[in-house]
Amino acid sequence: MKKIVLFYIFIFLFLQNYAQNQDIKKILGKAFTSKDSSDYFFKKAKQSIKNPADEAEYYFCKNARCNDYGILDSTIIYGKIAIEKFKKLNNFNSMCYVYNNIAKSFNKQGKYDQAIEALIEGLKVAESTQNEYWINYLTTYISLNYHDFESYEKGVFYGLKAVELAKKAKKDPIPKLDFALNTLAINYDDWNKPEKALFYHYKNVALRTGKDTMNNSSTYNNIGNTLLKQKKFATAQKWFNRSLKITEINLKDKPKNDYYFYEFSTIYNSLASIAYQLDDFEKAEKLFVKAEAFAKNSKSAEKLRDYYANFYLFNKKRKNLEKTIDSQEKYLELRDSVFKTERAAKFEELETKYQTEKKEKELLESKAQIVQKDYENKQKNNQFIIVSILALGFLAIGYLVYRQQKQKNQQLAQENDLKLAIEKIENQNKMQEQRLRISRDLHDNIGSQLTFIISSVDNVKYGFDITNEKLDDKLTNISSFAKETILELRDTIWAMNSNEIAFEDLEIRINNFIEKAKLSKENISFSFAIDENLKQQKLSSVEGMNIYRTIQEAINNAIKYAEADIISVIIKQQANQTAINIKDNGKGFDPETTEKGNGLKNMQKRIEEIGGEFSLKSGVNGTNVGILI
Amino acid sequence: MLYFTFLMLMLMGIVFLMLVKQNNIKKIAFLKKIQSLEQKIAVLTKKLESQSLKVKLADDLKVSIKQSNKKLASKIVDANLEMFQELYSKKNL
């Protein structure tokens with residue numbers, strides 16, 4: 001609840017404050033526009049001042065109002081106060097406006113030095129804020145003030161500058177150019193350069209033709225003045241009449257405007273000049289009366305000075321000595337008040353000060369620009385270095401990522417190769433296993449068939465009384481052969497079932513074989529010797545089988561062909577190799593002359609197949625079969 | 001600007017180090033994987049070699065059995081012929 005009440009109070013106070021602010025603006029508006037109750041509204045506005053902005057606005061309106069009504073001193077005083085207030089508020093546009101009003105008042109008072117001082121101050125403010133309108137306007141107005149002070153050279157200098165500025169103006173260039181051209185032309189005119197003056201005047205007329213001729217009254221008037229100085233009275237009068245008509249129309253809209261009084265004073269003064277130069281003194285007299293009245297109403301010291309200067313010449317021509325002296329004195333008095341030497345010096349001082357300040361400002365600006373450029377260059381260099389470093393960093397990271405990806409791909413390829421190799425080996429393994437299984441089945445089958453043959457042959461032998469010795473031998477032969485084949489089959493199957501064969505296993509196998517051999521020939525002495533350290537030495541199945549077959553063959557040969565009665569098998573270590581010797585004391589043979597049979601060839605082939613060396617020594621004392629693996 | 005650059009460089013450094021570390025970890029993992037695969041290949045190769053030897057033995061045996069078969073067949077034919085002759089002579093008597 002409290003919060004709601006506080007909220008409403010806040011809203012109320014805000015609206016009240018807003019209404020009050022609105023009030024002061026409304027009151028100042030009324031004070032500015034009202035003809036009779038202006039003082040009342042200004043008083044009311046002063047009471048409603050709440051903040052420095054209101055105060056500045058108040059003095060600004062006072063200054064503008066006084067300026068409009070030609071209250072020159074008040075314009076200056078209120079203007080100076082308003083400037084101080086606006087300075088604190090940084091309201092530069094309003095400051096320019098007030099400086100202009102102050103300058104106008106000084107100009108009317110004929111205090112051109114102070115007018116130009118105010119204008120230069122205004123111009124500084126306008127230049128600091130790059131305010132195009134005020135830079136243009138104040139430059140032109142400086143030119144006009146130099147003209148009024150009869151310093152035409154400077155007037156032309158500022159006039160030309162103003163024309164250039166007006167040409168470059170982005171917004172509303174025509175009125176600016178009009179004012180600048182007009183001011184430049186009157187400077188040339190009074191500097192006794194009528195051709196140049198007319199050139200710029202006609203340029204101005206061309207600028208306005210077909211657009212807005214109601215603002216051309218001063219231009220027509222000025223053209224008339226130039227022609228008057230050239231004694232082209234008829235043409236001059238035509239231009240003055242044009243200007244007069246326009247000014248009369250304009251005055252109807254703004255009856256109390258000082259500017260039109262100023263214009264009328266100029267026109268009537270010039271027309272009076274034509275009249276007395278054409279010796280029409282009566283007409284001149286009447287025109288001078290009008291010129292004087294308007295000059296006084298315009299509150300322009302310059303106009304009054306021009307009037308007295310012209311009137312004194314008129315009286316001189318009609319030889320009215322008293323009036324000549326009187327008007328000359330007034331003219332000189334006015335001229336002296338306006339054109340004091342001190343003022344001229346002050347002008348110089350002001351001008352120098354302004355130009356020096358401007359140069360210093362330009363110098364400072366150029367220095368600042370150089371510093372700024374240096375800073376920007378340094379910043380650009382730094383930015384380039386930073387960007388380069390960052391780019392290098394990104395490149396390094398990019399390269400690392402690329403390298404990693406490449407490495408990953410290589411790793412994947414390598415892994416795939418290995419997996420493929422494994423798959424291939426596994427397939428080969430499977431295939432070989434299958435082959436081995438088929439072989440085993442086949443061998444089992446053959447074994448059982450051979451057993452059947454042996455059994456059948458033995459049955460035939462025992463079942464039938466075979467008296468035929470030859471037949472009996474053949475049957476015995478079949479049975480023995482089948483038994484040998486079964487043994488051979490068993491030996492191979494034994495080797496096939498073992499992944500590795502030790503010499504110890506070989507020894508047992510050979511002993512079994514020898515035992516069987518002993519049965520066939522009883523008086524044979526067999527010996528088998530092996531180094532203890534070789535007993536556990538492993539051989540592959542093929543190596544084991546080939547060595548076993550070779551030893552078997554050698555023993556068979558010793559029994560069958562050499563008729564040996566001592567056979568020894570010795571297995572020993574010889575250097576890094578294993579030496580196997582099968583010796584017998586049989587009758588032997590000459591290996592050089594005797595052709596090698598299948599048995600010997602097979603022995604040599606088997607040993608060479610397993611990378612061993614086979615040797616055979618035979619003589620009358622027996623045979624020695626050597627194997628070195 | 002300098003602060004931003006420093007920050008960016010720091011970030012880049014961290015990213016760079018992280019990438020390098022990640023790369024090393026992946027490399028080690030890959031090497032382990034490859035090692036295990038190579039070991040597997042070695043075992044399989046050994047097995048294959050052993051099987052090849054057995055197959056060779058089987059092939060040799062096959063040849064040997066073929067020869068034995070031939071010999072046995074011949075012996076049986078001889079024995080049969082002899083038996084036939086014996087039986088034939090007895091029949092004629």
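Proteins get letters first, then strands, A, B, ... in listed order; numbering begins at 1 in each. Keep in mind that the numbers below use all heavy atoms, side chains included, and drop hydrogens, waters and symmetry copies.
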Peer 1: Would B:Q35 and B:Q39 count as having a side-chain donor-acceptor pair, cut-off 3.5 Å?
Peer 2: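 No, no side-chain donor-acceptor pair sits under 3.5 Å.
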Peer 1: With chain A, which of B:L48, B:L53, B:D78 has the greatest number of heavy-atom pairs at distances under 4.5 Å?
Peer 2: B:L48
Peer 1: Below 4.5 Å from any heavy atom of chain B, which atoms of A:L390 appear? Answer side chain, backbone, both or neither.
Peer 2: both
Peer 1: I'd like to know if A:R549 pairs up with A:E553 as an ion pair, taking the criterion as any Lys NZ or Arg NE/NH1/NH2 lying under 4.0 Å from an Asp or Glu carboxylate oxygen.
Peer 2: no
Peer 1: With a 4.5 angstrom heavy-atom cut-off, which part of B:F16 approaches chain A: side chain, backbone, both or neither?
Peer 2: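 For B:F16, the contact with chain A is made by backbone and side chain together.
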Peer 1: Would you say the side-chain atoms of A:Q404 pair up with the backbone N or O of B:L19, donor to acceptor, closer than 3.5 Å?
Peer 2: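 Side chain of A:Q404 to backbone of B:L19: a pair is present.
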Peer 1: In this structure, are over 12 heavy atoms from other groups packed under 6.0 Å from A:F513 atom CZ?
Peer 2: yes
Peer 1: Between A:K408, A:M545, A:E433, which residue shows the highest count of heavy-atom pairs closer than 4.5 Å to chain B?
Peer 2: A:E433
Peer 1: Between A:E484 and chain B, with a heavy-atom cut-off of 4.5 Å, which part of the residue counts as in contact: side chain, backbone, both or neither?
Peer 2: neither
Peer 1: Check each atom of A:F394 against the heavy atoms of chain B and say whether the ones under 4.5 Å are side chain, backbone, both or neither.
Peer 2: both
Peer 1: Just give me the residue among A:E415, A:E543, A:Q407, A:Q411 that pairs up with chain B most often, heavy atom to heavy atom, under 4.5 Å.
Peer 2: A:Q411
Peer 1: Checking A:L400 against chain B: side chain, backbone, both or neither under 4.5 Å from a heavy atom?
Peer 2: side chain
Peer 1: For A:D505 and A:A502, indicate whether the former's side chain and the latter's backbone hold a donor-acceptor pair under 3.5 Å.
Peer 2: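 Present.
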Peer 1: Looking at B:K56 and A:E609, is any side-chain nitrogen of the basic one under 4.0 Å from a carboxylate oxygen of the acidic one?
Peer 2: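 A salt bridge is present here (some side-chain N lies under 4.0 Å from a carboxylate O).
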Peer 1: Heavy-atom cut-off 4.5 Å, strictly under: side chain, backbone, both or neither for A:L450 against chain B?
Peer 2: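 Contact with chain B involves the side chain of A:L450 alone.
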Peer 1: What part of B:L81 is in contact with chain A, defined as an atom under 4.5 angstrom from a non-hydrogen atom: side chain, backbone, both or neither?
Peer 2: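 The answer is neither part of B:L81.
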Peer 1: Could you look at A:S541 and say if it's the side chain, the backbone, both or neither that has a heavy atom under 4.5 Å from chain B?
Peer 2: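 Both backbone and side chain of A:S541 come within 4.5 Å of chain B.
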Peer 1: Run the salt bridge (charged side-chain N to carboxylate O under 4.0 Å, His left out) test on A:K419 and A:E423 for me, step by step, so that the C-alpha distance in whole Å, both residues' side-chain angles and the decisive distance to 0.1 Å come before the verdict.
Peer 2: CA-CA 6 Å; A:K419 280 181 180 169; A:E423 206 177 331; over 6 Å; no
Peer 1: Name the region of A:Q379, side chain, backbone, both or neither, that has any atom closer than 4.5 Å to a heavy atom of chain B.
Peer 2: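 Neither; nothing under 4.5 Å.
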Peer 1: Quick one: which of B:K26, B:M8, B:E49, B:K33 has the most heavy-atom pairs under 4.5 Å with chain A, could you say?
Peer 2: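 Option with the top pair count is B:K33.
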Peer 1: Taking atom CZ as the centre, does A:R435 end up with more than 12 heavy-atom neighbours from other residues, nucleotides or ligands that are less than 6.0 angstrom away?
Peer 2: no
Peer 1: Identify which part of A:S498 has an atom lying under 4.5 Å from any heavy atom of chain B, answering side chain, backbone, both or neither.
Peer 2: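 For A:S498, the contact with chain B is made by the backbone alone.
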Peer 1: Going by atom types only, do B:K47 and A:N429 share a side-chain donor-acceptor pair under 3.5 Å?
Peer 2: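 B:K47 vs A:N429: no donor-acceptor pair found between side chains.
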Peer 1: For A:L418, is it the side chain, the backbone, both or neither that has a heavy atom under 4.5 Å from a heavy atom of chain B?
Peer 2: both
Peer 1: Whether the side chain of A:S479 engages the backbone of A:L475 through a donor-acceptor N/O pair (distance < 3.5 Å, no angle test) should be reported.
Peer 2: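 Side chain of A:S479 to backbone of A:L475: no pair is present.
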